[in-house]
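From a predicted model like this one, the values you see are computed outputs, not experimental measurements. Naming convention: chains lettered A, B, ... in sequence-line order (proteins, then strands); numbering from 1 in each chain. Because only heavy atoms are used, hydrogens play no part in the values below, and waters and symmetry mates are left out as well, while side chains stay in.
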Number of protein chains: 2
Amino acid sequence: MIQTNHAHLNLMIELDRFDLQLLAELQANGRASNAQLAERIHLSASQVSRRIQRLEQEGLIERYVALLRAEALGLGVTAFVSVSLERHGEQQTGTFDEQVGTMDEVLECFAVSGDADYLLRVLTPSLPALSDFLLHQLMRLPGVRNVKSNIVLSGVKHTTQLPLKHLHHGRR
Amino acid sequence: MIQTNHAHLNLMIELDRFDLQLLAELQANGRASNAQLAERIHLSASQVSRRIQRLEQEGLIERYVALLRAEALGLGVTAFVSVSLERHGEQQTGTFDEQVGTMDEVLECFAVSGDADYLLRVLTPSLPALSDFLLHQLMRLPGVRNVKSNIVLSGVKHTTQLPLKHLHHGRR
DNA sequence: CCTGAAACATAATGCAC
DNA sequence: GTGCATTATGTTTCAGG
């Protein structure tokens with residue numbers, strides 16, 4: 001379920017100040033040019049290029065994406081949905097994970113400790129569409145016992161930028 | 001609290017098949033070249049360039065970012081934290097929103113219906129670091145009455161790709 | 001390790017249709 | 001509104017300190 005990656009302990013000791021700055025900049029602007037980055041972190045463009053390639057290879061940079069404005073695209077309703085399963089067999093959770101993975105409305109799904117088994121973030125155009133999704137898609141999955149949803153009233157913060165300050169201390 | 005945007009109803013009717021394909025591609029790969037995109041959606045590179053500029057201007061594309069691997073960067077602990085406030089005055093919620101916005105560990109924060117007032121997704125290097133954050137940062141904010149956290153056991157799905165199928169129907 | 005210049009690739013724009 | 005051709009930007013490689 002959790003896959004072991006090439007990138008782990010051995011990588012973290014390889015990150016210097018420049019790498020961390022690069023990661024921070026790229027989190028904020030994934031299309032910054034090497035020249036721009038070079039200027040900001042005081043390095044040559046060619047070094048920036050090489051270091052980014054390294055960071056990509058090492059798996060620290062997962063991918064580059066465009067973030068779209070949900071509201072502008074008619075996606076006005078976000079809900080957090082707690083799901084409890086019937087029995088907790090390997091097979092049961094396996095198919096649930098798989099099915100959820102194919103549902104576009106589910107942006108995030110985590111297995112959590114606590115009352116529920118899963119917590120999902122779901123995005124739909126409207127309340128009827130949400131209701132429809134819950135009743136006809138999610139609750140129809142095998143083994144689903146209970147579904148509880150909290151509608152989002154307003155978004156206070158929503159970022160993809162990981163906190164990196166914990167890496168700034170001892171390294172290089 | 002919800003800001004009215006230039007981009008709304010009037011925009012949606014302007015989106016044709018090509019625009020939707022472009023948005024879908026850019027959500028998957030924010031660094032795809034115009035030539036690549038042109039080939040995939042059967043249009044010239046210059047058209048792709050112009051359309052993307054339009055989509056950016058119209059605010060459908062919010063920004064481009066690099067997504068980093070949390071685990072590879074030593075960020076192993078995700079938690080969903082429910083927060084209830086003492087009283088619900090404008091001022092109270094205002095400062096909470098503001099403070100939460102400055103906390104790097106908080107990747108997402110939504111005001112929700114239901115038991116709690118807010119639901120946050122928090123990312124830290126370790127359990128002690130989470131505990132530290134909750135006790136010394138979050139619970140210290142003025143007006144916070146109750147904090148309940150659910151630790152994430154495993155990530156099943158985590159995407160930034162919005163569902164766009166609802167736009168494919170009547171338009172152009 | 002790093003820079004800087006050359007060779008290469010991609011993006012933006014004016015123009016003809 | 002579209003594709004093509006040009007110019008302007010950006011990226012990568014490689015010689016040299």
Which pairs with one or both residues in residues 120-145 of chain B pass salt bridge (charged side-chain N to carboxylate O under 4.0 Å, His left out), sequence neighbours excluded? A/E108-B/R121, B/E108-B/R121

Round to the nearest Å and state the distance from [X] atom [atom1] to [N] atom [atom2].
| X | N | atom1 | atom2 | answer |
| --- | --- | --- | --- | --- |
| B/I52 | C/dT10 | CD1 | P | 14 Å |
| A/H42 | C/dT3 | NE2 | C1' | 16 Å |
| B/R31 | C/dA9 | CZ | P | 18 Å |
| B/F18 | D/dG1 | CZ | P | 13 Å |
| B/L37 | C/dT10 | CG | C1' | 12 Å |
| B/E39 | D/dG3 | CD | C1' | 16 Å |
| A/R17 | C/dC2 | CZ | P | 11 Å |
| B/D16 | D/dG1 | CG | C1' | 11 Å |

Testing D/dG10, C/dT10, C/dC2 for proximity to the side chain of A/Q47, the answer is C/dC2

Side-chain contact check for B/R51: nearest option of D/dT2, D/dT11, C/dC2 is D/dT2

Evaluate the side-chain proximity of B/L60 to B/L15: yes if any heavy-atom separation is below 4.5 Å, no if none is. yes

Could you pull out every donor-acceptor pair under 3.5 Å between side chains of residues 22-29 of chain B and any protein atom, sequence neighbours left out?
residue: B/E25; atom: OE2; partner: B/R40; partner atom: NH1; Å: 3.0
residue: B/Q27; atom: OE1; partner: B/L162; partner atom: N; Å: 2.4
residue: B/Q27; atom: NE2; partner: B/L162; partner atom: O; Å: 3.2
residue: B/N29; atom: OD1; partner: B/R31; partner atom: N; Å: 2.9
residue: B/N29; atom: OD1; partner: B/A32; partner atom: N; Å: 3.4

Compute the centroid of each ring, for A/Y118 and then for A/F110, and state whether the two points are separated by less than 6.0 Å. no

Indicate whether any N or O donor in one side chain lies under 3.5 Å from an N or O acceptor in the other, for B/Q36 and B/S33. yes

A/Q21 and A/R17: side-chain donor and acceptor closer than 3.5 Å? yes

Every protein N/O within reach of nucleotides 12-17 of chain D N/O, cut-off under 3.5 Å:
residue: D/dT12; atom: OP2; partner: A/S49; partner atom: OG; Å: 2.9

